[in-house]
K.L.:
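Can you keep this structure in mind? I'll have questions shortly.
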Amino acid sequence: MTGKVVLVATPIGNLGDLSPRAVEVLAAADVIACEDTRHTRKLLTAAGISPHRLVALHEHNEREQAERLVARAAAGESIAVVSDAGTPAISDPGERLVDVAVREGVVVEVVPGPSAAIAALVVSGLPAARFCFEGFLPRKGRDRADRLAAVAAEERTTVLFESPHRVGDTLADLVEVCGPTRRVALARELTKLYEEVWRGPLAEAVDWVDGRAVRGEFVIVVGGAERVAAGEADVDDALALRLAAGVDTKTAVAEVAAELRVPKRQVYAAALRLTR
């Protein structure tokens with residue numbers, strides 16, 4: 001008998017969003033792997049499900065726990081996976097577990113449902129046909145700068161997560177790289193009593209957040225960049241500035257390609273031309 005791993009989406013606020021199928025799967029599971037056992041116990045109790053089969057699965061133990069859980073699934077058990085809110089593996093534990101299960105040939109299923117990223121996107125008023133998800137940005141350093149530059153250059157709508165005490169700094173950084181007029185939507189407490197969605201230009205978003213006593217994680221939905229046709233002279237100038245400043249060729253090519261939204265091969269050809 002072969003078991004399985006089932007990712008189960010849970011409410012991001014309103015308990016009424018727990019689907020009948022989710023209740024059925026959680027009730028039948030041999031093990032429920034969850035981010036916070038206390039949080040999940042409350043959810044299960046509200047749904048009338050016995051919470052005695054809980055196992056902690058979080059960012060600090062997922063690597064080790066994944067092997068154990070997949071072994072149990074391979075032995076015939078049904079392993080349900082939930083996060084504190086929304087869909088597991090989306091900026092929450094679950095990704096490593098699925099990777100191990102797939103490699104071991106264990107069946108992986110999903111019970112779809114609530115997702116803060118999708119909920120915020122569809123109420124943002126920004127284009128939703130093509131979008132990308134960035135999750136939480138790195139907190140500092142070169143990694144953060146690179147990710148911000150990528151958001152600024154992205155022509156699709158971008159969805160970000162941010163904590164309430166860092167949202168002001170992130171919005172200020174977005175103003176710097178995207179410009180003050182880029183459209184943005186801020187969503188918090190979605191599906192809850194005090195649900196709030198703000199829409200407008202980035203510069204005004206900073207003012208809106210400043211001084212407010214905000215709670216709960218934010219979803220920041222950033223409008224895409226307008227397409228700008230860069231010519232050969234633009235590429236040469238941007239590349240020459242970086243090379244003159246001592247930036248290595250590989251990094252300079254990547255930065256210019258992102259900044260001017262041109263293919264890397266075009267920038268690399270310019271680099272060869274300039275270095276000759």
Side-chain angles (χ1 to χ4, degrees), residues 2-15 17-47 49 51-121 131-139 147 158-163 187 190-191 216-219:
T2 302
K4 57 187 176 182
V5 171
V6 188
L7 305 177
V8 182
T10 57
I12 59 176
N14 192 320
L15 293 181
D17 293 335
L18 187 66
S19 72
R21 184 182 168 212
V23 172
E24 180 182 339
V25 169
L26 292 172
D30 295 301
V31 178
I32 300 174
C34 54
E35 196 172 359
D36 185 325
T37 56
R38 295 166 299 178
H39 180 91
T40 300
R41 185 172 286 110
K42 293 178 182 178
L43 174 67
L44 297 176
T45 299
I49 302 170
H52 68 277
R53 306 175 303 280
L54 301 184
V55 173
L57 178 74
H58 46 71
E59 62 176 328
H60 303 297
N61 75 348
E62 185 175 1
R63 190 177 300 278
E64 297 76 20
Q65 195 70 281
E67 302 286 346
R68 302 188 188 100
L69 291 169
V70 169
R72 295 182 67 164
E77 292 187 306
S78 174
I79 312 296
V81 183
V82 300
S83 61
D84 284 349
T87 302
I90 303 297
S91 287
D92 278 327
E95 182 179 350
R96 290 193 183 98
L97 177 60
V98 172
D99 178 56
V100 174
V102 171
R103 284 193 280 109
E104 295 298 325
V106 170
V107 173
V108 179
E109 298 178 354
V110 62
V111 179
S115 166
I118 299 300
L121 173 66
F131 68 94
C132 62
F133 175 71
E134 282 286 338
F136 289 95
L137 293 173
R139 292 195 173 187
R147 291 273 292 278
T158 300
V159 181
L160 305 165
F161 285 164
E162 192 52 273
S163 64
L190 289 175
T191 77
E217 285 185 356
F218 274 80
V219 184

K.L.:
Please check this pair: side chain of Asp17 against backbone of Pro114, looking for a donor-acceptor N/O pair closer than 3.5 Å.
P.N.:
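No, the answer is negative, given that no donor and acceptor are paired below the 3.5 Å cut-off.
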
K.L.:
Assess whether atom CZ of Phe161 is packed by more than 12 heavy atoms of other residues, nucleotides or ligands within 6.0 Å.
P.N.:
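Counting other residues, nucleotides and ligands, CZ of Phe161 exceeds 12 neighbours.
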
K.L.:
Report yes if some heavy atom in the side chain of Val5 is under 4.5 Å from a heavy atom in the side chain of Leu69; otherwise report no.
P.N.:
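In short, these two side chains do not touch, never coming nearer than 4.5 Å.
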
K.L.:
Using side-chain heavy atoms (C-beta onward) and a distance below 4.5 Å, is Arg147 in contact with Pro138?
P.N.:
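The answer is yes; the side chains approach within 4.5 Å.
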
K.L.:
With rounding to the nearest 0.5 Å, note down the distance linking CD1 in Ile32 to CG in Leu26.
P.N.:
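Here the interatomic distance stands at 5.0 Å.
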
K.L.:
Taking the side chain as C-beta and beyond, is there a heavy-atom pair between Pro20 and Val23 under 4.5 Å?
P.N.:
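No, too far: nothing below the 4.5 Å cut-off.
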
K.L.:
Roughly how far, to the nearest 0.5 Å, is CZ of Arg63 from CG of Leu97?
P.N.:
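So the gap between those two atoms works out to 13.0 Å.
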
K.L.:
Identify the two heavy atoms, one from Ala27 and one from Ile49, that lie closest to each other, and give their separation to 0.1 Å.
P.N.:
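Between these two residues, the closest heavy atoms are CA-CG2, 3.9 Å.
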
K.L.:
Give the minimum heavy-atom separation between Ser83 and Glu35, together with the two atoms involved.
P.N.:
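In terms of heavy atoms, the two residues are closest at CB-OE1, 3.5 Å.
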
K.L.:
Using modelled atom types and a 3.5 Å cut-off, is there a donor and acceptor pairing between side-chain atoms of Glu62 and backbone atoms of Arg96?
P.N.:
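Yes, Glu62 side chain to Arg96 backbone: donor-acceptor pair under 3.5 Å.
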
K.L.:
Grab the two heavy atoms, one from Asp30 and one from Arg53, that are nearest each other, plus how far apart they are.
P.N.:
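The answer is O-CD, 3.2 Å.
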
K.L.:
Over all heavy atoms of both residues, which pair between Ala22 and Ala9 is shortest? Give the atoms and the distance, please.
P.N.:
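Taking Ala22 first and Ala9 second, the nearest heavy atoms are CB-O, 4.3 Å.
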
K.L.:
Kindly compute the distance separating CZ (Arg68) from CG (Leu57), expressed to the nearest 0.5 Å.
P.N.:
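Rounded to the nearest 0.5 Å, the CZ-CG separation comes out at 11.0 Å.
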
K.L.:
Determine whether a donor-acceptor pair (N or O, by modelled atom type, separation under 3.5 Å) exists between the side chain of Thr191 and the backbone of Asn14.
P.N.:
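Here the side-chain-to-backbone pair exists.
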
K.L.:
Between Phe131 and Ile118, does the side-chain contact (heavy atoms from CB on, under 4.5 Å) criterion hold? Intermediate values first, please.
P.N.:
CA-CA 10 Å; Phe131 68 94; Ile118 299 300; 3.8 Å; yes

K.L.:
Side-chain contact, heavy-atom cut-off 4.5 Å: Val219 with Val159?
P.N.:
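Of all side-chain heavy-atom pairs linking Val159 with Val219, at least one is under 4.5 Å.
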
K.L.:
Flag the pair Val82 / Leu43 as yes when at least one side-chain heavy-atom distance between them is below 4.5 Å, and no otherwise.
P.N.:
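Not in contact.
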
K.L.:
Specify the closest pair of heavy atoms between Ala85 and Thr10, including all atoms of both residues, with the distance to one decimal.
P.N.:
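Looking at all heavy atoms of both residues, the closest pair is CA-OG1, 3.8 Å.
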
K.L.:
Looking at Ala89 and Glu95, what are the two nearest heavy atoms and their distance?
P.N.:
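Looking at all heavy atoms of both residues, the shortest contact is CB-N, 3.6 Å.
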
K.L.:
So Asp36 and His58, do their side chains get closer than 4.5 Å, heavy atoms only?
P.N.:
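The answer is no, as the side chains (C-beta and beyond) never meet within the 4.5 Å cut-off.
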
K.L.:
Side-chain contact test, heavy atoms from C-beta onward, threshold under 4.5 Å: evaluate it for Leu137 versus Leu160 and give yes or no.
P.N.:
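Heavy-atom side-chain distance check passes, below 4.5 Å.
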
K.L.:
Sequence neighbours excluded and cut-off under 3.5 Å, please list the side-chain donor-acceptor pairs for residues 100-113, or say none.
P.N.:
from: Arg103; atom 1: NE; to: Asp99; atom 2: OD2; distance (Å): 3.2
from: Arg103; atom 1: NH2; to: Asp99; atom 2: OD2; distance (Å): 3.4
from: Glu109; atom 1: OE1; to: Lys4; atom 2: NZ; distance (Å): 3.4

